[in-house]
Amino acid sequence: SKNYNWGDFIASPKERFWKKVQFRYSANYKNDIRVPDTVLFKKLMKYGIISNTLSDATREMGDAYYDSPATWGDYMRNGFRHSLPFKMPFKSGFLNFNFSIPVRQVIYNESYTKSWDPELSAVQTDTLDGISFYQDASLNLTTSTRIYGFFNMPRNAFIKAVKHDITPSLAATYRPDYGEQRFGFWDTYWRYSQDSNGLTSDSTEIQYAKYEGVFGKPMRGKSQTLRLNINNFVEAKFINRDSTATSPYQKVKLIDQFNVSGAYNFAVDTLNVSRINTRLRSSLFKSKLTINYNMTHDPYISDSSNVRLNQFERNVNGRLARLTNSQLTLRTRISEKGLTEIKTRRLSSMDAIEQDLYDDILFDYIDFTSPWSLTFNYNFRLNRAYRQNRNNGEIVDSFELTSAVSVNYSLKLTPKWILNGSTGWDFKNDELSYTTLNINRDMDCWKLSIQWVPIGPRRMYNFNFSVK
């Protein structure tokens with residue numbers, strides 16, 4: 001990929017708006033081979049890549065045993081994708097604008113046609129060899145600004161001031177429906193039932209993509225979306241109690257991010273309003289504890305099958321929206337670097353005798369210089385949905401709660417050997433969660449890795465020796 005500015009190609013002594021136009025060209029070729037192990041080993045033995053361990057009777061079968069009805073090409077999928085997104089940022093007063101047109105094209109070496117076979121009651125897919133491609137683009141316009149608020153505290157307060165930073169943004173997007181017949185990327189077939197007299201019933205028109213591969217398939221569905229996003233940042237200024245500090249005040253981030261977002265799609269007839277997402281992130285105690293909290297609210301009601309209906313919660317249940325899920329994550333990390341900093345701060349407040357005693361008690365017996373880390377995570381999740389009551393079979397609006405704690409560890413035994421892994425406890429199922437132990441060895445141009453999962457339904461071990 002490569003980034004360009006339009007001004008790099010056309011020189012002008014004056015400031016022109018078109019000099020701000022930026023575009024980036026990127027290209028990607030991908031080849032994917034997925035072969036069943038039985039077919040792979042047979043072919044490798046046939047060509048002498050691996051030793052033949054078959055019995056004499058099997059060897060006499062010759063090509064009848066080795067050859068699969070499918071060739072290597074049947075297991076191979078490849079494609080080429082390149083994109084050329086344009087964007088032009090500009091400013092007007094207190095508003096920042098960004099206009100962009102992302103354009104991409106995907107090229108495959110085959111396409112597909114599908115039809116319905118009533119006798120087999122199955123879809124018949126025909127593969128057509130030859131170069132095929134599709135492209136798509138959209139129009140995007142984003143505007144944003146920043147609003148600051150400062151709150152000064154009383155003169156004798158420990159907190160001197162609080163700063164509130166609000167960044168609202170409004171994004172408009174237009175994308176045509178590439179599933180329409182005029183684009184030629186999608187087609188349809190009829191699925192139906194046929195009786196013994198040749199009469200058809202239950203006819204249904206099914207739409208399918210003519211081009212599909214390693215880079216997916218063409219987009220479909222028209223979009224005329226207006227998205228609102230409001231981000232908040234809160235910071236406070238405290239009196240610095242550290243007498244050795246160069247500044248009498250210190251700034252502390254209270255809320256790193258408090259984000260609320262939602263969208264409205266003008267191109268659809270029903271369910272125009274999207275779900276409302278709320279995200280909160282904060283780092284406390286000098287970033288030693290990280291808190292992440294996410295919530296999703298739905299402004300529409302749903303039926304007993306959890307399908308959204310085109311009726312607002314405000315009109316039916318008298319509330320603005322319905323909580324559908326939320327997640328709380330707490331994370332903290334300790335390492336040899338953090339303990340070394342604690343040691344340095346404590347030693348700086350001791351005399352020589354106390355320093356020698358402190359070293360003899362703790363740090364002479366434990367080597368804190370080898371790189372190591374422990375990361376503790378606590379996860380709490382709530383999902384709200386209609387579920388069947390196990391006792392009476394009724395469909396009820398219920399909450400499903402899950403919580404778990406996990407530990408990720410890493411230890412650099414030597415400059416070449418690294419030990420890491422993870423474990424945890426699932427409080428809902430009252431059992432150990434997914435547990436792994438990994439050993440890695442750096443061998444300059446090569447690398448060795450061993451993975452072991454000692455417990456659970458996915459017990460396994462894996463040995464890998466590969467080029468770096």
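Of the charged side-chain nitrogens involved, at least one lies within less than 4.0 Å of a carboxylate oxygen, so that Asp298 and Arg275 count as a salt-bridged pair. A salt bridge does not link Lys253 with Glu235: none of the charged nitrogens is closer than 4.0 Å to a carboxylate oxygen. Contact check on Asp442 versus Lys447 returns no salt bridge, with no Lys/Arg side-chain nitrogen under 4.0 Å from an Asp/Glu carboxylate oxygen. Classification of Glu400 and Lys428 as a salt-bridged pair holds, one side-chain N sitting under 4.0 Å from a carboxylate O. Between Lys210 and Asp187, none of the side-chain N atoms (NZ, or NE/NH1/NH2) sits under 4.0 Å from a carboxylate O, so this pair counts as no salt bridge.
To the nearest 0.5 Å, atom OH of residue Tyr409 and atom CG of residue Leu374 are 10.0 Å apart. The OH atom of Tyr134 lies 7.0 Å from the CG atom of Asp136; values are rounded to the nearest 0.5 Å.
With hydrogens and angles ignored, the 3.5 Å screen pairs a side-chain donor or acceptor of Asn232 with a backbone N or O of Phe258. Between the side chain of Asn310 and the backbone N or O of Leu271 there is at least one donor-acceptor pair closer than 3.5 Å. Between the side chain of Arg77 and the main chain of Lys30, no donor-acceptor pair closer than 3.5 Å is present. Remark: side-chain polar atoms of Asn272 are paired, donor with acceptor, to backbone N or O of Val268 under 3.5 angstrom. Judged purely by atom type and a 3.5 angstrom limit, Asn265 uses its side chain to pair as donor or acceptor with the backbone of Gln224. When atom types are taken as modelled, the side chain of Tyr208 and the backbone of Lys114 share a donor-acceptor pair closer than 3.5 angstrom. Looking at Thr296, its side chain never comes within 3.5 Å of a backbone N or O of Asn294 through a donor-acceptor pair. No donor-acceptor distance shorter than 3.5 angstrom exists from the side chain of Tyr300 to the backbone of Ser274, with no hydrogens or angles considered. Side-chain atoms of Ser305 do not come within 3.5 Å of backbone N or O of Val307 as any donor-acceptor pair.
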| Does the pair Asn78 and Asp32 meet the rule for a side chain to side chain contact (heavy atoms under 4.5 Å, CB included), with working shown? | CA-CA 6 Å; Asn78 50 48; Asp32 185 14; over 6 Å; no
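The only option from Thr329, Asn292, Asp426 that meets the side chain to side chain donor-acceptor pair (under 3.5 Å) definition with Asn379 turns out to be Thr329.
Other residues, nucleotides and ligands place more than 12 heavy atoms under 6.0 Å from the CZ atom of Phe463. The environment of Leu320 atom CG is sparse: at most 12 non-hydrogen atoms of other residues, nucleotides or ligands sit within 6.0 angstrom.
Ring planes of Trp116 and Tyr189: parallel class, angle under 30° (limits at 30 and 60°). Ring-plane geometry between Phe80 and His82 is classed as tilted, the angle between the planes lying from 30 to 60 degrees on a 0 to 90 degree scale.
Contact detail for Leu432 and Gly424: the closest heavy-atom pair is CD2-O, 3.1 Å. Nearest heavy-atom pair across Pro168 and Ile166 is CD-O, 3.5 Å. Residues Tyr148 and Lys163 come closest through the heavy atom pair CD2-CE, 3.7 Å. The heavy-atom pair separating Pro299 from Arg308 by the smallest distance is CD-NH2, 4.2 Å.
For Gln207 and Thr188, the side-chain atoms include no donor-acceptor pair closer than 3.5 Å.
For the ring-ring contact (aromatic ring centres under 6.0 Å, His included) test, no residue two or more places apart in sequence or in another chain qualifies with Phe380. When the side-chain contact (heavy atoms from CB on, under 4.5 Å) test is applied to Ser261, the partners found at least two apart in sequence or on another chain are Arg227, Asn229, Asn259, Asn277, Arg279. Residues satisfying the side-chain contact (heavy atoms from CB on, under 4.5 Å) test with Leu284, not counting sequence neighbours, are Ser282, Ile291.
Judged by the 6.0 Å distance and 45° axis criteria, Arg331 is not positioned over the aromatic ring of Tyr378.
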